Amino acid sequence: MHATAIPATGAQLTSRQTTDHLVIELHGELDIASTTALRDHLLVLLRRARTPVVIDLSGVTFCDAAGLSLLVGARRRAHLHDLPIALAAPRPQIHRL
């Protein structure tokens, strides 16, 4: 498992490769303070991925428009690389967004 903490934002990204999927877990707040750094790490992971991607949102406590943009951008990038991508386990407030 690979973990990346985003300094001064409380956000964190972890990734692990299973036999069938690359699982990327996001933790903390997806907001303007964290999304730039998270995007950089997320794009590197997507560029290297060779299996379908699952983004686990169960650890996300808040998401604003910048966070939503991060997720939409991840979807677009995955599709450019012909990678299936899915969002998993969002909390109710994130699911509504």
Side-chain angles (χ1 to χ4, degrees):
M1 184 179 304
H2 175 74
T4 302
I6 309 303
T9 67
Q12 185 177 14
L13 177 148
T14 60
S15 64
R16 61 187 160 82
Q17 182 67 56
T18 69
T19 18
D20 300 329
H21 296 87
L22 170 63
V23 178
I24 300 170
E25 299 173 4
L26 298 176
H27 304 272
E29 297 185 357
L30 300 183
D31 60 15
I32 195 141
S34 64
T35 54
T36 300
L38 284 172
R39 181 176 292 110
D40 293 342
H41 294 289
L42 191 57
L43 293 180
V44 168
L45 290 170
L46 292 173
R47 194 174 323 122
R48 294 179 182 165
R50 300 291 175 252
T51 58
V53 176
V54 175
I55 299 179
D56 180 349
L57 300 173
S58 62
V60 174
T61 57
F62 175 79
C63 183
D64 65 7
L68 183 58
S69 176
L70 171 76
L71 298 173
V72 170
R75 180 182 178 277
R76 287 182 180 153
R77 182 58 58 118
H79 283 275
L80 285 175
H81 295 288
D82 292 324
L83 288 170
I85 188 168
L87 301 179
R91 293 179 184 198
Q93 68 221 30
I94 307 302
H95 181 74
R96 281 190 300 273
L97 179 65

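In this text, all values refer to a predicted model and were calculated from it rather than measured experimentally. Nothing fancy with the numbering, it's 1 onward along the sequence.
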Let me check something: any side-chain donor-acceptor pairs from residues 44-71 under 3.5 Å, sequence neighbours excluded? List them with distances.
from  : atom 1 : to    : atom 2 : distance (Å)
Arg50 : NH1    : Arg47 : O      : 3.4
Thr51 : OG1    : Gln17 : NE2    : 2.9
Thr51 : OG1    : Leu22 : N      : 3.2
Asp56 : OD1    : Ser58 : N      : 2.8
Asp56 : OD1    : Ser58 : OG     : 2.8
Thr61 : OG1    : Gly28 : O      : 3.3
Asp64 : OD1    : Ala66 : N      : 2.9
Asp64 : OD1    : Gly67 : N      : 3.2

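- Here the CG-CD distance, from Leu38 to Gln12, works out to 10.0 Å after rounding to the nearest 0.5 Å.
- For Leu42 against Ala74, the heavy-atom pair with the smallest separation is CD2-CB, 3.6 Å.
- A side-chain contact (heavy atoms from CB on, under 4.5 Å) with Glu29 holds for exactly one of Leu26, Asp31, Ile32; it is Asp31.
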Step by step, would you call Arg76 with Val72 a side-chain contact (heavy atoms from CB on, under 4.5 Å)? CA-CA 6 Å; Arg76 287 182 180 153; Val72 170; 3.9 Å; yes

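- Hydrophobic clustering, with ILVMFWY side chains joined whenever heavy atoms are under 4.5 angstrom apart, keeps Val23 apart from Leu87.
- The 12-atom threshold is exceeded at CZ of Arg91, counting heavy atoms of other residues, nucleotides or ligands nearer than 6.0 Å.
- Expressed to the nearest 0.5 Å, how far CG of Leu30 lies from CZ of Arg39 amounts to 10.5 Å.
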